[in-house]
Amino acid sequence: MYFAVALDGNHEPLLLAIGLGTLECAESWRWFMMRLKECLGEDTEVGFISNLCDKIDFGVQSAYPDLYHGYCPKDIARKIRESVGHNDTEVESLFWKSCNAYSVHDFYLFLERLQSACRKPPFCNLLRSPIYWLDDIAISKWTRAFFPKVRRLSGGLTPYVESKIQKRVNKSYNWMARRLYGDTFEVDDNFATSKVQLERRVCSCGKWQKSGIPCGHAIACLRTRTSEAIHEMVDYKFTAFLYRLAYGSELVNSIPSHVLWKTPNETVVLLPPSMK
């Protein structure tokens with residue numbers, strides 16, 4: 001069975017497609033992705049996250065050779081736990097800090113600490129690091145800092161984004177923002193200094209352009225403006241208008257109780273390619 005699930009503007013899962021097959025193989029995944037592409041359309045810009053499966057990677061690259069495909073960090077974290085032989089909280093914590101870092105500088109800082117932790121007992125007696133295989137995975141496939149895409153523009157927002165912004169407003173309450181020139185600011189967050197360019201919607205911390213939601217540094221620069229000004233800096237995909245439009249369309253149909261399901265007289269079964 002093959003699944004394609006998306007996250008909507010309210011950070012909730014949305015089932016896109018289900019496929020059934022007798023054998024999980026590269027050609028079956030290619031068949032599923034090509035059918036998915038037919039449903040989504042040729043010009044739909046999407047990205048894909050999957051587990052560490054070469055078959056899925058083949059299917060995605062066959063159908064969408066120019067789009068992003070990354071690996072689920074939870075799957076990598078599970079493999080790290082298996083590799084170290086026990087639940088080492090320090091190793092796993094450092095992995096998640098590396099994975100979630102928004103800037104390249106922070107990513108390499110946490111990655112070095114992760115590698116150093118694996119060189120300590122009980123791992124130092126091993127001939128090589130227990131997570132040596134992590135070096136064979138392209139960092140752009142599991143790190144936020146090296147995600148190759150950026151998100152774009154704005155309106156009334158979904159509850160998830162409203163909550164995110166409020167948390168960042170509270171966190172940045174005492175941060176100091178100083179205008180350098182034009183719309184460019186320098187923000188001191190009591191730990192480091194970041195540079196914000198409002199017109200370009202970027203911050204040197206990397207969080208704004210990676211998440212599509214203004215970071216605390218950007219909000220510190222916008223503190224003297226209205227809340228609407230902050231909302232205008234959020235990616236259009238997170239607007240309540242687009243959220244209602246998506247769920248109000250005929251493309252998304254709610255599933256009634258199984259007692260109301262109707263069994264058609266004629267059925268058409270589309271099978272994936274068989275392996276001979």
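None of these values were measured; they are calculated from a predicted model.
A 4.5 Å side-chain heavy-atom check between Ile165 and Val234 finds at least one atom pair inside the cut-off. At least one side-chain heavy atom of Trp96 sits less than 4.5 Å from a side-chain heavy atom of Glu92. In this structure the side chain of Asn100 never reaches within 4.5 angstrom of the side chain of Thr143, judged on heavy atoms. Side-chain contact between Phe48 and Ile56 is absent, with no heavy atoms from C-beta onward closer than 4.5 Å. Using a 4.5 Å heavy-atom threshold, the side chains of Glu162 and His231 count as touching. Leu222 has its side chain within reach of Met233: a pair of non-hydrogen atoms, C-beta onward, lies under 4.5 Å apart. The side-chain heavy atoms of Thr184 and Val196, taken from C-beta on, include no pair separated by under 4.5 Å. With contacts defined as side-chain heavy-atom distances shorter than 4.5 Å, the pair Cys205/Cys215 qualifies.
Contacts of Phe110 classified as ring pair (Phe, Tyr, Trp, His ring centres under 6.0 Å), with partners at least two apart in sequence or in another chain: none. In this view, Ile49 and Tyr68, Cys72 satisfy the side chain to side chain contact (heavy atoms under 4.5 Å, CB included) rule, not counting sequence neighbours. Residues forming a side chain to side chain contact (heavy atoms under 4.5 Å, CB included) with Asn174 (at least two apart in sequence, or on another chain): Asn190. Taking the side-chain hydrogen bond (donor to acceptor under 3.5 Å, both in side chains) definition, one finds that Arg179 meets it with nothing, sequence neighbours left out. Partners of Glu112 under the side-chain hydrogen bond (donor to acceptor under 3.5 Å, both in side chains) rule, at least two apart in sequence or in another chain, are Ser116, Arg119. For the side-chain hydrogen bond (donor to acceptor under 3.5 Å, both in side chains) test, residues two or more places apart in sequence or in another chain that qualify with Asp75 are Arg78. In this structure, Ser98 has no side-chain hydrogen bond (donor to acceptor under 3.5 Å, both in side chains) partners at least two apart in sequence or on a different chain. Qualifying side chain to side chain contact (heavy atoms under 4.5 Å, CB included) partners for Lys79, counting only residues two or more places apart in sequence or in other chains: Leu52, Ser83, Trp133. Scored by the ring pair (Phe, Tyr, Trp, His ring centres under 6.0 Å) test, Tyr71 finds His69 as partners (sequence neighbours excluded). With sequence neighbours excluded, the residues forming a side chain to side chain contact (heavy atoms under 4.5 Å, CB included) with Val202 are Gln197, Arg200, Gln209, listed by chain and number. Listed by chain and residue number, nothing satisfies the ring pair (Phe, Tyr, Trp, His ring centres under 6.0 Å) test with Tyr102 (two or more places apart in sequence, or in another chain).
The two residues Thr239 and Thr158 make their nearest non-hydrogen contact at O-CG2, 3.9 Å. Closest of all the heavy-atom pairs between Ser62 and Met34 is O-SD, 4.4 Å. Annotation for Cys203 and Ser194: closest pair SG-CB, 3.9 Å, computed over non-hydrogen atoms. Phe32 and Ile18 make their closest contact through CE1-C, 3.9 Å (heavy atoms, listed as atom of the first residue, atom of the second, distance). Between Arg168 and Pro214, the closest heavy-atom pair is NH1-O, 3.1 Å.
For the pair Asp183 (side chain) and Glu199 (backbone), a donor-acceptor distance under 3.5 Å is present. With hydrogens and angles ignored, the 3.5 Å screen pairs no side-chain donor or acceptor of Trp175 with any backbone N or O of Cys221.
Other residues sharing the hydrophobic cluster of Leu180, ordered by chain and number and joined by side-chain separations under 4.5 Å: Tyr181.
The OH atom of Tyr2 sits 14.0 Å away from atom CG of Leu36, with the distance rounded to the nearest 0.5 Å. Between the NE2 atom in His217 and the OG atom in Ser204 there is a gap of 7.0 Å [rounded to 0.5 Å]. Between the OG atom in Ser50 and the CG atom in Asp57 there is a gap of 7.0 Å [rounded to 0.5 Å]. From Leu94, atom CG reaches atom CD1 of Ile131 across 9.5 Å, with rounding to the nearest 0.5 Å. Rounded to the nearest 0.5 Å, atoms CD (Gln166) and NZ (Lys171) are 14.5 Å apart. Here OH of Tyr132 is found 15.0 Å from CD of Gln115. Values are rounded to the nearest 0.5 Å.
The aromatic ring centroids of Phe58 and Trp29 lie 6.0 Å or more from each other. Between Trp142 and Phe107, the ring center distance clears the sub-6.0 Å criterion.
Ile219 and Tyr173 are assigned to two separate hydrophobic clusters, defined by single-linkage of ILVMFWY side chains at heavy-atom distances under 4.5 Å. A single hydrophobic cluster is not seen to contain both Val169 and Met176; linkage of ILVMFWY side chains at heavy-atom distances under 4.5 Å, directly or through other members, places them apart. Note on Val91: it clusters hydrophobically with Tyr108, by side-chain heavy-atom contacts below 4.5 Å among ILVMFWY residues. Residues Leu109 and Leu114 are members of separate hydrophobic clusters, defined by side-chain heavy-atom contacts under 4.5 angstrom among Ile, Leu, Val, Met, Phe, Trp and Tyr.
Ion pairing between Glu24 and Lys55 fails under the 4.0 Å rule for side-chain N and carboxylate O. Between Arg201 and Asp235 there is no salt bridge, since none of the side-chain N atoms of the basic residue sits less than 4.0 Å from a carboxylate O of the acidic one.
Counting heavy atoms of neighbouring residues, nucleotides and ligands inside a 6.0 Å radius, atom CG of Asn170 exceeds 12 of them.
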I would like to know whether Lys195 and Glu186 meet salt bridge (Lys or Arg N to Asp or Glu O under 4.0 Å); could you show each step before the answer?
CA-CA 5 Å; Lys195 188 176 180 180; Glu186 185 178 71; over 6 Å; no
Audit row: Phe185, Leu198, side chain to side chain contact (heavy atoms under 4.5 Å, CB included) steps and yes/no:
CA-CA 8 Å; Phe185 293 78; Leu198 296 178; 3.6 Å; yes
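The side-chain tip of Lys37 points at the ring of Tyr64 from less than 6.0 angstrom away and within 45° of straight on.
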